[in-house]
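The block underneath contains the structure these notes are about, expressed in structure tokens.
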Amino acid sequence: MVSRTSETVAGPRTEDALPSSATSAVKIVIVGGFGVGKTTLVRSVSEIRPLTTEETMTQASVSVDDLAGVERKNMTTVAMDFGRISLNDELVLYVFGTPGQQRFWFLWNGLFEGALGAVVLVDTRRLEASFDVLGRLEESQTPFVVAVNAFDEAPSYSDDELREALDLTNDVPLLVCDARSRESSKDVLLALMRYLYSLAKPSEAM
Ligand SMILES: Nc1nc2c(ncn2[C@@H]2O[C@H](COP(=O)(O)OP(=O)(O)OP(=O)(O)O)[C@@H](O)[C@H]2O)c(=O)[nH]1
Ligand SMILES: [Mg+2]
């Protein structure tokens with residue numbers, strides 16, 4: 001009889017084990033339009049091997065998806081990305097990337113469950129791709145920060161122009177990042193945590 005032994009079943013990798021000092025875990029989601037760099041950000045920031053669910057895009061997608069600015073893109077997320085980062089010895093973030101293509105947006109509801117906050121990634125070549133995303137976030141009342149993923153050929157706008165175009169109030173943190181850089185992506189997550197902390201603090205006026 002053939003039996004599976006512990007040698008044939010891959011167990012968790014020691015380097016993926018949660019640090020024993022971790023006392024708090026927070027779930028956050030990375031959202032944004034198609035191809036803005038969500039999977040890239042989860043990949044660059046995760047300290048464990050990230051889980052991604054990317055599939056090759058077929059020719060059929062050409063008539064369905066707005067590929068302007070991302071013509072070279074050939075993979076897309078069909079379910080979610082997942083990664084983990086320890087912000088310090090105690091605090092661990094579980095980072096979930098959502099699919100950007102609208103036909104997979106029904107999956108967002110599950111991904112948002114239990115999430116304390118969100119990062120909205122924006123590509124300034126296709127600002128309009130962020131409108132529906134921001135609308136959905138406001139509906140779900142999830143606090144968020146907005147991070148412009150600065151692609152090389154993308155136009156740059158002032159903060160005021162971006163706030164006006166995206167209809168963002170001044171209290172929503174707005175920053176620029178490079179999703180390919182671990183440090184830059186980590187800064188975005190820290191900005192979100194600072195924002196969540198400021199919302200949780202009792203108002204000074206009270
Ligand atoms: N130049 C540049 N390219 C980037 C940057 N971030 C991501 N990319 C590239 O842009 C493409 C799209 O990135 P993805 O991370 O797949 O985007 P996504 O938002 O996960 O895409 P969907 O899941 O399809 O919505 C990839 O080819 C990345 O290598 C960036 O900051 N600068
Ligand atoms: Mg993706």
Side-chain angles (χ1 to χ4, degrees), residues 27-85 93-112 115 117-137 140 142 144-157 159 162 166 173-192:
K27 174 182 176 179
I28 62 150
V29 284
I30 314 294
V31 295
F34 171 60
V36 293
K38 301 175 294 294
T39 301
T40 306
L41 185 143
V42 174
R43 275 207 183 106
S44 55
V45 93
S46 184
E47 66 199 9
I48 57 170
R49 186 167 37 192
L51 167 78
T52 55
T53 58
E54 291 200 287
E55 293 291 343
T56 309
M57 285 168 53
T58 61
Q59 260 317 96
S61 140
V62 171
S63 56
V64 180
D65 301 312
D66 176 11
L67 296 175
V70 282
E71 293 85 354
R72 289 186 297 268
K73 184 171 161 65
N74 54 15
M75 300 289 277
T76 189
T77 302
V78 294
M80 62 178 233
D81 310 303
F82 171 71
R84 191 190 81 201
I85 174 170
L93 294 194
Y94 290 114
V95 184
F96 289 78
T98 55
Q101 295 190 53
Q102 293 221 359
R103 57 177 168 274
F104 300 123
W105 279 20
F106 66 94
L107 292 164
W108 282 30
N109 297 341
L111 287 173
F112 269 66
V119 171
V120 182
L121 265 190
V122 170
D123 177 349
T124 58
R125 294 169 300 180
R126 295 171 300 125
L127 278 181
E128 65 291 346
S130 312
F131 297 161
D132 286 347
V133 174
L134 288 163
R136 280 195 69 162
L137 270 177
S140 73
T142 310
F144 61 88
V145 301
V146 174
V148 173
N149 188 18
F151 286 82
D152 306 331
E153 332 72 67
S156 68
Y157 298 107
D159 277 14
L162 281 170
L166 298 173
L174 172 64
L175 52 161
V176 177
C177 73
D178 181 338
R180 298 164 300 177
S181 148
R182 179 178 162 79
E183 277 314 305
S184 176
S185 300
K186 191 172 168 185
D187 285 346
V188 173
L189 301 182
L190 285 167
L192 174 62

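As the structure lists them, so they are numbered: ligands from 1, and atoms in each ligand from 1. Numbers for residues simply follow the sequence, beginning at 1.
Taking both residues in full, the closest heavy atoms of Leu174 and Asp159 are given as CD2-O, 3.8 Å, listed atom of the first, atom of the second, then distance. In plain terms, the two heavy atoms of Thr77 and Pro99 that are nearest each other are O-CB, 3.4 Å. Between Leu166 and Ser130, the closest heavy-atom pair is CD2-CB, 4.1 Å. Closest approach of Val45 to Lys186, counting heavy atoms only: CG2-N, 3.8 Å. Taking every heavy atom of both residues into account, Ala118 and Leu192 meet most closely at O-CD1, 3.5 Å.
Between Val36 and ligand 1, at least one N/O pair is under 3.5 Å apart. Inclusion of Gly37 in the set of residues having an N or O under 3.5 Å from an N or O of ligand 1 is warranted. At least one N or O atom of Arg180 sits closer than 3.5 Å to an N or O atom of ligand 1.
When heavy-atom distances to ligand 1 are checked against a 4.0 Å cut-off, Asn149 comes that close only through its side chain, counted from C-beta outward.
Close to ligand 1: Gly35, with a non-hydrogen atom less than 4.0 angstrom away.
Asp81 and Thr39 form a side-chain donor-acceptor contact under 3.5 Å, judged by distance and modelled atom types alone.
When the ring-ring contact (aromatic ring centres under 6.0 Å, His included) test is applied to Phe112, the partners found at least two apart in sequence or on another chain are Trp108. For Phe96, the ring-ring contact (aromatic ring centres under 6.0 Å, His included) partners at least two apart in sequence or on another chain are Phe82. Residues passing the side chain to side chain contact (heavy atoms under 4.5 Å, CB included) test with Ala191 are Leu175, Arg194, sequence neighbours excluded.
Considering Thr77, Thr98, Val42, Thr40 only, the shortest heavy-atom separation from atom 15 (O) of ligand 1 involves Thr40. When the heavy-atom distances from atom 5 (C) of ligand 1 to Phe151, Phe34, Phe104 are ranked, the shortest goes to Phe151.
Each protein N/O/S atom under 2.8 Å from the Mg ion (ligand 2) was counted, for a total of 2.
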